[in-house]
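Every value quoted in this text rests on a predicted model; they were computed, and no experiment measured them.
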Amino acid sequence: MLNKMKKIILVEDDPAIIDIYETLMKKAHFDVRVISLGQEVINMVKNIEDGTELKPDIILLDLILPDISGVEVFKEIKKNKKTKDIKIFILTNQKEVQFKEFGDEKPDKFIIKANISPTQLLELIKEFLP
């Protein structure tokens with residue numbers, strides 16, 4: 001029996017970070033999709049809702065994106081009943097984040113990029129995925 005590859009969405013706009021994380025996760029046999037814009041993630045939520053796209057197992061979400069705030073993206077994911085149970089790791093270098101901005105829902109993990117190696121991040125992902 002084949003194990004289904006776990007699907008990870010990396011929401012990140014820094015090419016260097018994308019390259020490192022994407023390479024590492026693919027080597028670990030994860031199905032990785034990189035999205036650089038918050039609006040694309042919101043479109044993905046709509047596609048999951050209407051059944052045209054499969055739900056990811058985990059979303060790694062940067063807070064500073066070129067178009068809209070990662071907090072807004074987080075809220076969109078959490079307010080949709082078909083996507084609200086997706087595990088979300090906030091991955092940022094923004095240390096001054098106000099947790100109240102997230103509302104009632106909280107991320108599964110809050111990670112400062114500078115404080116974690118890509119390998120440590122991979123281990124955290126593996127711990128969270130069944």
Side-chain angles (χ1 to χ4, degrees):
M1 189 172 128
L2 287 172
N3 275 346
K4 183 175 91 59
M5 280 176 80
K6 296 292 183 188
K7 186 175 176 184
I8 297 175
I9 303 292
L10 173 61
V11 186
E12 174 62 65
D13 63 326
D14 181 324
I17 291 173
I18 291 169
D19 188 46
I20 292 166
Y21 288 170
E22 187 177 23
T23 302
L24 193 69
M25 289 177 213
K26 283 183 175 172
K27 276 187 185 163
H29 306 290
F30 288 114
D31 174 9
V32 184
R33 176 174 162 204
V34 177
I35 298 177
S36 301
L37 296 173
Q39 188 56 53
E40 279 184 63
V41 181
I42 291 169
N43 293 343
M44 179 192 75
V45 167
K46 290 182 180 111
N47 292 342
I48 291 168
E49 188 175 30
D50 67 22
T52 58
E53 192 166 334
L54 290 174
K55 191 162 68 168
D57 295 289
I58 197 165
I59 296 174
L60 305 175
L61 178 61
D62 190 5
L63 290 181
I64 301 174
L65 298 168
D67 57 347
I68 54 179
S69 147
V71 173
E72 292 307 311
V73 174
F74 176 86
K75 287 178 179 175
E76 284 295 320
I77 295 166
K78 290 299 182 184
K79 77 179 187 188
N80 184 299
K81 67 177 182 283
K82 288 205 174 159
T83 58
K84 69 178 195 283
D85 60 340
I86 296 172
K87 301 225 177 297
I88 300 178
F89 286 10
I90 299 297
L91 209 53
T92 187
N93 274 325
Q94 228 187 331
K95 292 180 175 72
E96 299 302 313
V97 173
Q98 303 297 316
F99 279 103
K100 65 181 180 288
E101 289 179 56
F102 289 95
D104 295 336
E105 297 281 349
K106 298 291 177 251
D108 293 281
K109 280 267 183 224
F110 190 90
I111 300 163
I112 303 293
K113 290 181 211 172
N115 296 350
I116 189 168
S117 74
T119 309
Q120 288 170 315
L121 175 63
L122 192 62
E123 290 308 313
L124 272 178
I125 292 168
K126 287 177 180 175
E127 280 174 32
F128 258 74
L129 294 177

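Note: the hydrophobic cluster containing L63 also contains V41 (ILVMFWY, side chain heavy atoms under 4.5 Å, direct or indirect links). Criterion: ILVMFWY side-chain heavy atoms under 4.5 Å apart, direct or through other members. Under it, I35 and L10 are not part of a common hydrophobic cluster. Hydrophobic clustering (side-chain heavy atoms under 4.5 Å, transitive across Ile, Leu, Val, Met, Phe, Trp, Tyr) keeps M5 apart from L129. By the criterion of side-chain heavy atoms lying less than 4.5 angstrom apart, applied directly or through intervening Ile, Leu, Val, Met, Phe, Trp or Tyr residues, I59 is grouped together with I42 in one hydrophobic cluster.
Heavy atoms from other residues, nucleotides or ligands lying under 6.0 Å from NZ of K109 number 12 at most. When the shell of 6.0 Å around CD1 of I68 is examined, it contains more than 12 heavy atoms from other residues, nucleotides or ligands.
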Apply side-chain contact (heavy atoms from CB on, under 4.5 Å) to V11 and L60, showing your working.
CA-CA 6 Å; V11 186; L60 305 175; over 6 Å; no
Could you walk me through whether I77 and I88 pass the side-chain contact (heavy atoms from CB on, under 4.5 Å) test, one step at a time?
CA-CA 9 Å; I77 295 166; I88 300 178; 3.7 Å; yes
Given side-chain contact (heavy atoms from CB on, under 4.5 Å), test M44 with I9 step by step and report yes or no.
CA-CA 10 Å; M44 179 192 75; I9 303 292; 3.8 Å; yes
Go through the steps for K7 and L54 under the test side-chain contact (heavy atoms from CB on, under 4.5 Å), then give the verdict.
CA-CA 9 Å; K7 186 175 176 184; L54 290 174; 4.3 Å; yes
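A search for side-chain contact (heavy atoms from CB on, under 4.5 Å) contacts involving I116 returns I111, Q120, L121, L124, not counting sequence neighbours. N43 is linked by a side chain to side chain donor-acceptor pair (under 3.5 Å) to Q39, counting only residues two or more places apart in sequence or in another chain. Under the side-chain contact (heavy atoms from CB on, under 4.5 Å) criterion, D50 pairs with N47, T52, not counting sequence neighbours. In this structure, K84 has no salt bridge (Lys or Arg N to Asp or Glu O under 4.0 Å) partners at least two apart in sequence or on a different chain. Listed by chain and residue number, A28, F30, L122, E123 satisfy the side-chain contact (heavy atoms from CB on, under 4.5 Å) test with K126 (two or more places apart in sequence, or in another chain). In terms of the side-chain contact (heavy atoms from CB on, under 4.5 Å) criterion, residue partners of K75 (sequence neighbours excluded) are, by chain and number, V71, E72. For the side chain to side chain donor-acceptor pair (under 3.5 Å) test, no residue two or more places apart in sequence or in another chain qualifies with E40. Shown here are the salt bridge (Lys or Arg N to Asp or Glu O under 4.0 Å) partners of K55, two or more places apart in sequence or in another chain: D85. With sequence neighbours excluded, the residues satisfying side chain to side chain donor-acceptor pair (under 3.5 Å) with D62 are K113. E53 is linked by a salt bridge (Lys or Arg N to Asp or Glu O under 4.0 Å) to R33, counting only residues two or more places apart in sequence or in another chain.
For V34 against E12, the heavy-atom pair with the smallest separation is CG1-O, 4.3 Å. Here the shortest heavy-atom pairing between S36 and D13 reads O-CB, 3.9 Å.
Annotation: ring-ring contact (aromatic ring centres under 6.0 Å, His included) contacts involving residues 41-94, sequence neighbours excluded, comprise F74-F102, F89-F128.
To the nearest 0.5 Å, atom CG of residue D108 and atom CD1 of residue I90 are 9.5 Å apart.
Contact of the P118 side chain with the M25 side chain is not registered, since no non-hydrogen atoms from C-beta on lie closer than 4.5 Å. Two residues are said to be in side-chain contact when any heavy atoms from C-beta on lie closer than 4.5 Å; E49 and T83 fail this criterion. For the pair L61 and V73, the minimum side-chain heavy-atom distance is below 4.5 Å. In this structure the side chain of L65 never reaches within 4.5 angstrom of the side chain of L37, judged on heavy atoms.
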Kindly list each side-chain donor-acceptor pair under 3.5 angstrom involving residues 15-23, sequence neighbours excluded, with atom names and distances?
| unit_1 | atom_1 | unit_2 | atom_2 | d |
| --- | --- | --- | --- | --- |
| E22 | OE2 | K26 | NZ | 3.1 |
| T23 | OG1 | D19 | O | 2.7 |

